[in-house]
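These values consider heavy atoms only, across backbone and side chains, with no hydrogens, waters or symmetry-generated copies. Letters go in sequence order (proteins before strands), and every chain restarts at 1.
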Amino acid sequence: MAKGITERAKDYSQWYIDVVKQADMAEHSPVKGCMVIKPTGYGIWEKIQQNLDRMFKETGHVNAYFPLLIPESFLKKEAEHVEGFAPECAVVTHGGGKKLEEPLVVRPTSETIIWDSYRNWISSYRDLPLLINQWANVLRWEMRTRLFLRTTEFLWQEGHTAHATHEEAEEEAYRMVQVYRRFAEEFLAMPVLVGRKTDKEKFAGALHTYCIEALMQDGKALQAGTSHHLGTNFAKAFDVQFQDRDSERKYVHATSWGVSTRLIGGMIMTHSDDSGLVIPPRLAPVPVVIVPIWRDDDQMALTLAKARHITEGWDKLFYKIDDRDQYKPGYKFNEWELKGIPIRIELGPRDVENNQVVAVRRDTGEKVTLSADGLRENLEKMLDDIQANLFQRAKDRTEASTHTVDSYDEYKERIKGGGFFRVFLNHADPKVEERLQGDTKSTIRCIPFDAPDEEGPCMITGAPCKGRVVAAQSY
RNA sequence: CGGGGUGUAGCGCAGUCCGGUUAGCGCACCUGCUUUGGGAGCAGGGGGCCGUCAGUUCGAAUCUGACCACCCCGACCA
């Protein structure tokens with residue numbers, strides 16, 4: 001048992017706070033709801049950025065940057081959008097010691113400022129599609145915050161694309177939610193449901209919203225990414241038209257899509273354990289740490305020299321040699337466990353003598369003795385295996401926690417235990433979702449793309465429904 | 001915004017009820033020696049406008065009043 005970490009079974013919420021703190025990922029800032037992301041946490045965000053950015057570029061997107069401050073009037077141009085975001089906006093009213101002519105909103109999202117620019121950038125079908133992403137911070141005045149999961153300011157990427165037709169925008173929104181699914185599975189090792197949000201849960205100003213939803217270890221769902229088909233709503237609000245091949249002037253079709261530092265919270269709650277953080281190898285800034293073990297200066301020189309010899313020619317970002325003299329090996333073992341490093345190598349005088357090392361996997365705690373020859377290849381294999389194991393473990397857990405229920409009474413009872421619930425609910429009627437939330441604090445998380453072709457009665461109203469939705473309590 | 005709690009060293013706390021030496025303890029930090037295969041030991045040392053402001057008093061961390069901040073639990077959200 002790790003010192004300073006509450007057991008998951010005892011208090012999941014406190015466990016999460018303890019892991020973030022003990023792994024030295026982030027801390028609260030003096031401003032309510034804001035966080036300082038420390039190097040250990042930010043390094044993971046950088047890995048997320050690097051890999052996602054590559055995936056965006058591979059699908060034809062380019063990066064740009066739009067300003068933090070948005071004229072308040074812009075936000076008001078799209079009716080649903082302003083209604084959705086106004087309550088959580090911070091507004092700048094003064095600058096340079098003077099009251100501003102027009103207040104400036106700190107962006108809660110950038111559709112409005114971006115579409116104001118797009119008006120000037122788009123005049124012909126030849127300008128389309130316009131496929132732009134930005135990495136940025138945004139601000140949303142939340143009532144209740146949790147490190148990484150919901151903070152007042154957070155880091156994210158937001159893609160904003162413009163297309164000539166409804167169909168192309170639809171393809172884009174779908175393509176990007178699939179990019180998110182692939183990223184979640186392959187990098188976060190996090191299984192997700194992929195589907196569409198109900199009208200109640202969709203983005204303010206969108207025709208519809210696609211999403212990936214993951215199930216955390218405590219049985220609560222986490223919205224991990226969203227992709228919106230915005231139709232011509234923003235084009236109309238900002239008068240963005242283009243002249244098509246047929247010489248007609250037409251409104252531009254839009255999408256937007258984003259994932260945030262919340263993914264780090266999801267990563268923690270998917271894989272970590274009572275010993276601390278567990279980082280999937282593909283997101284680990286440094287996947288391997290080598291702890292040389294010595295009793296005296298001679299042994300120190302010996303084991304350090306061996307460690308340097310073994311790692312000769314290795315990518316410097318692949319490993320770290322922990323040569324600190326002020327801590328004992330036991331302390332280091334615990335520290336690297338808390339910090340979630342995928343593989344720890346122990347290298348003592350006995351190992352040097354036998355030309356071997358002891359490798360310890362973070363996911364299983366398993367210790368194996370490996371030859372110092374060909375070590376790099378064996379470590380690569382082990383990392384792949386850890387990555388695959390973490391995903392499989394999470395997938396098995398999610399499947400075991402996914403239930404199919406038809407009776408509302410049964411649902412009300414079982415929802416308390418957490419999990420995804422495949423149910424018939426008539427979400428066309430907004431009152432149904434309101435009742436669900438009022439009765440059970442759960443919501444419809446998504447209408448999965450891969451739901452089997454089934455029909456049945458809504459478990460609340462009895463109205464006939466096509467296809468099951470997935471409901472759960474969520475973060 | 002409602003309910004609960006907390007502000008004393010970087011962190012975690014005691015002291016406050018019942019005012020009175022130089023405000024104390026653990027962890028962390030610095031120095032030295034011994035240690036080092038699962039969170040080391042001993043010795044010495046540094047570090048405080050006791051949340052803020054005002055009051056009572058010869059004297060306030062302690063009593064009174066006001067204010068501020070943060071955390072936890074409920075109504076909104078990625």
Side-chain angles (χ1 to χ4, degrees), chain A residues 1-5 11 13-14 17-18 21-22 24 27-34 83-89 108-109 136-158 180 197 200-204 209 211-214 221-228 256-266 275-276 291-300 303 322-338 344-354 356-358 360 365 367 369 434 437-438 441 443 445 474-475:
Chain A
M1 180 53 48
K3 271 187 215 165
I5 295 187
D11 183 346
S13 180
Q14 187 60 44
I17 294 165
D18 291 344
K21 188 174 172 186
Q22 294 294 324
D24 204 30
E27 60 190 29
H28 286 103
S29 93
V31 177
K32 179 180 165 61
C34 292
E83 194 185 322
F85 282 105
E88 51 193 79
C89 284
T109 179
N137 57 341
V138 287
L139 200 75
R140 296 182 187 177
W141 216 261
E142 301 290 350
M143 298 184 214
R144 196 145 139 55
T145 57
R146 298 216 316 136
L147 291 172
F148 290 112
L149 290 176
R150 178 173 300 107
T151 45
T152 299
E153 180 190 10
F154 57 94
L155 305 182
W156 77 344
Q157 57 68 217
E158 45 181 329
Y180 289 156
K197 284 288 183 191
K200 181 173 177 292
E201 297 277 325
K202 72 173 178 153
F203 178 75
T209 290
C211 64
I212 55 171
E213 290 280 328
L222 184 77
Q223 178 171 308
T226 49
S227 177
H228 318 291
S256 68
W257 27 272
V259 297
S260 71
T261 34
R262 167 179 273 193
L263 290 180
I264 296 174
S275 302
V291 181
I293 296 155
W294 57 75
R295 281 175 190 280
D296 53 40
D297 289 352
D298 287 348
Q299 290 188 348
M300 180 170 158
T303 53
D322 187 351
D323 60 0
R324 292 174 299 175
D325 197 20
Q326 69 268 39
Y327 298 114
K328 290 173 54 174
Y331 180 93
K332 295 178 181 178
F333 297 167
N334 280 285
E335 178 176 343
W336 295 117
E337 250 165 40
L338 280 172
R344 178 180 76 243
I345 303 281
E346 303 178 4
L347 177 61
R350 289 202 300 274
D351 300 308
V352 176
E353 201 172 312
N354 297 318
Q356 66 183 33
V357 301
V358 175
V360 187
K367 286 191 183 192
T369 301
E434 279 166 32
Q437 191 164 7
K441 290 177 190 162
T443 48
R445 301 316 304 160
S474 71
Y475 276 97

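Each of B:G37, B:C77, B:C73 was ranked by its minimum atom distance to the side chain of A:Val358; first place goes to B:G37. Closest to the side chain of A:Lys21, from the set B:C11, B:G39, B:C73, is B:C11. Each of B:G37, B:C73, B:G38 was ranked by its minimum atom distance to the side chain of A:Pro349; first place goes to B:G37. You'll find that the side chain of A:Glu346 is closest to B:G38, out of B:C77, B:G38, B:C73.
For the OP1/OP2 pair of B:U35 and a distance below 4.0 Å, the side-chain nitrogens and oxygens of A:Arg295 include no atom meeting the criterion. A sub-4.0 Å separation between OP1 or OP2 of B:G38 and a side-chain N or O of A:Lys332 is absent.
Remark: the A:Glu337 side chain and the B:G38 base include a donor-acceptor N/O pair separated by less than 3.5 Å. Judged by distance alone with a 3.5 Å cut-off, a donor-acceptor contact links the side chain of A:Arg150 to the base of B:C77. Side-chain to base pairing of A:Lys367 with B:G38: one donor and one acceptor N or O lie within less than 3.5 Å of each other.
Look at CD1 on A:Ile17: it is 16 Å from C1' on B:C11, rounded to the nearest Å. Atom-to-atom, CG of A:Leu147 to P of B:C72 comes out at 9 Å; the value is rounded to the nearest Å. The distance from atom CD of A:Glu27 to atom P of B:A28 is 19 Å, rounded to the nearest whole Å. Following rounding to the nearest Å, A:Trp294 (CH2) and B:A40 (C1') show an atom-to-atom distance of 15 Å. Atom pair A:Asp18:CG and B:G12:C1' shows a separation of 13 Å (rounding to whole Å applied). Separating the CD1 atom of A:Ile293 from the P atom of B:G38 is a distance of 8 Å, rounded to the nearest angstrom. Rounded to an integer number of Å, the gap from CG of A:Leu139 to P of B:C77 is 17 Å.
Rounded to the nearest Å, the gap between the C1' atom of B:G7 and that of B:A61 is 12 Å. Taking atom C1' in both B:G39 and B:G59, one finds a spacing of 47 Å when rounded to whole Å. On the P atoms, B:C71 is 35 Å away from B:G19, given to the nearest whole Å. Taking the P atoms as reference points, B:C73 lies 25 Å from B:G51, given to the whole Å. To the nearest whole angstrom, the two P atoms, one in B:G55 and one in B:C72, are 36 Å apart. Across the P atoms, B:C17 and B:C29 are found 36 Å apart, a figure rounded to whole Å. Comparing the P positions of B:G3 and B:U21 gives an interatomic distance of 39 Å, to the nearest angstrom. Comparing B:A23 with B:A60, their C1' atoms sit 13 Å apart, to the nearest whole Å.
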Does the pair A:Arg350 and A:Gln356 meet the rule for a side-chain contact (heavy atoms from CB on, under 4.5 Å), with working shown? CA-CA 8 Å; A:Arg350 289 202 300 274; A:Gln356 66 183 33; 5.8 Å; no
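Using a distance-only test at 3.5 Å, with no hydrogens or angles considered, a donor-acceptor pair links the side chain of A:Thr303 to the main chain of A:Gln299. Remark: side-chain polar atoms of A:Lys332 are not paired, donor with acceptor, to backbone N or O of A:Asp323 under 3.5 angstrom. The main-chain N or O of A:Ser13 is found under 3.5 Å from a side-chain atom of A:Asp11 such that the two form a donor-acceptor pair.
Aromatic ring orientation, A:Phe203 versus A:His228: parallel (interplanar angle below 30°, classes split at 30° and 60°).
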